[in-house]
Undergrad: 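Here you go, one structure.
Basis for what follows: all heavy atoms, side chains included, without hydrogens, waters or symmetry-related copies. In what follows, every chain begins at residue 1, and chains take the letters A, B, ... in the order their sequences are listed.
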Amino acid sequence: MPQKQQYWLMKSEPGDYSISDLERDTETIWDGVRNYQARNLMRDAMQVGDKVLYYHSNAKPPGVVGIAEVSKECAPDPTQFDRRSKYFDQKSSKDNPRWECVCIRHVQTFEEMISLSQLRGTTSLEGMALLRKGQRLSVQPVTAKEWKIVLKLAGVKA
DNA sequence: GCCAACGTTGGC
DNA sequence: GCCAACGTTGGC
């Protein structure tokens, strides 16, 4: 039985890993998430085949730059065990890993990004998690309605 | 570079 | 379990 289509928004700093990097690599492990809420969403809610809005944070301007999809379910994040990684976590162990993450695959890069200010200016997107004050989660749920609206803004068929 | 908002840590 | 101090995120 087909499961219900779910939608997410995932943030990345383009200087760190941009949508062009994802397009080049085709697929990547979403390592480096060190926030429990974001981890829990990936671990407990995300399913292979879920669609993802790819968001560039700390960018000029910030905004949604394309689409990805979840390609592998959650698994321990290898960077937490790597002493040389900036994501190394001394308190984590292989027996009891603290951090897990999914893999995502590139689907599409928008011809033109949908900037944050454009999203804010879209009345029908009022209430979107991304636009809420103080929202910092790097993995957020997106409703089917919001997904449609953003894709329409991007000129992409849903 | 500033700073508001939020998360985490650790003393008590 | 409280909460102050500190760290991080991320828009501006």
Undergrad: Identify, with sequence neighbours excluded, every residue that meets side chain to side chain contact (heavy atoms under 4.5 Å, CB included) alongside A/R34.
TA: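 Applying side chain to side chain contact (heavy atoms under 4.5 Å, CB included) to A/R34 gives A/D77, A/T79, A/Q80, A/Y87, A/W99.
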Undergrad: With sequence neighbours excluded, give me every side-chain hydrogen bond (donor to acceptor under 3.5 Å, both in side chains) pair touching residues 114-129 of chain A.
TA: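 Qualifying pairs: A/S115-A/S117.
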Undergrad: Between A/K91 and A/Q37, just flag the one whose closest nucleotide in DNA chain B comes earlier from the 5' side.
TA: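 The residue mapped nearer the 5' terminus is A/Q37.
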Undergrad: Assign a letter to each nucleotide of nucleotides 6-12 of chain C from its 5' end: B, base within under 4.0 Å of a protein heavy atom; S, sugar-phosphate only; -, no contact.
TA: -BBBBBS
Undergrad: For A/E73, check salt bridge (Lys or Arg N to Asp or Glu O under 4.0 Å) against everything at least two apart and list the hits.
TA: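 None.
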Undergrad: Would you tabulate the side-chain donor-acceptor contacts of residues 49-60 of chain A under 3.5 Å, counting partners in other chains and residues two or more places apart, or write 'none'?
TA:
{"residue": "A/D50", "atom": "OD2", "partner": "A/Q6", "partner atom": "NE2", "Å": "3.0"}
{"residue": "A/D50", "atom": "OD2", "partner": "A/W8", "partner atom": "NE1", "Å": "2.9"}
{"residue": "A/D50", "atom": "OD2", "partner": "A/Q47", "partner atom": "N", "Å": "2.9"}
{"residue": "A/K51", "atom": "NZ", "partner": "A/E69", "partner atom": "OE1", "Å": "3.1"}
{"residue": "A/Y54", "atom": "OH", "partner": "A/Y17", "partner atom": "O", "Å": "2.9"}
{"residue": "A/H56", "atom": "NE2", "partner": "A/I19", "partner atom": "N", "Å": "3.1"}
{"residue": "A/N58", "atom": "ND2", "partner": "A/E13", "partner atom": "OE2", "Å": "3.2"}

Undergrad: Applying salt bridge (Lys or Arg N to Asp or Glu O under 4.0 Å), name anything that partners A/R83, two or more places apart in sequence or on another chain.
TA: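 Scan of A/R83 (salt bridge (Lys or Arg N to Asp or Glu O under 4.0 Å), adjacent residues dropped) gives none.
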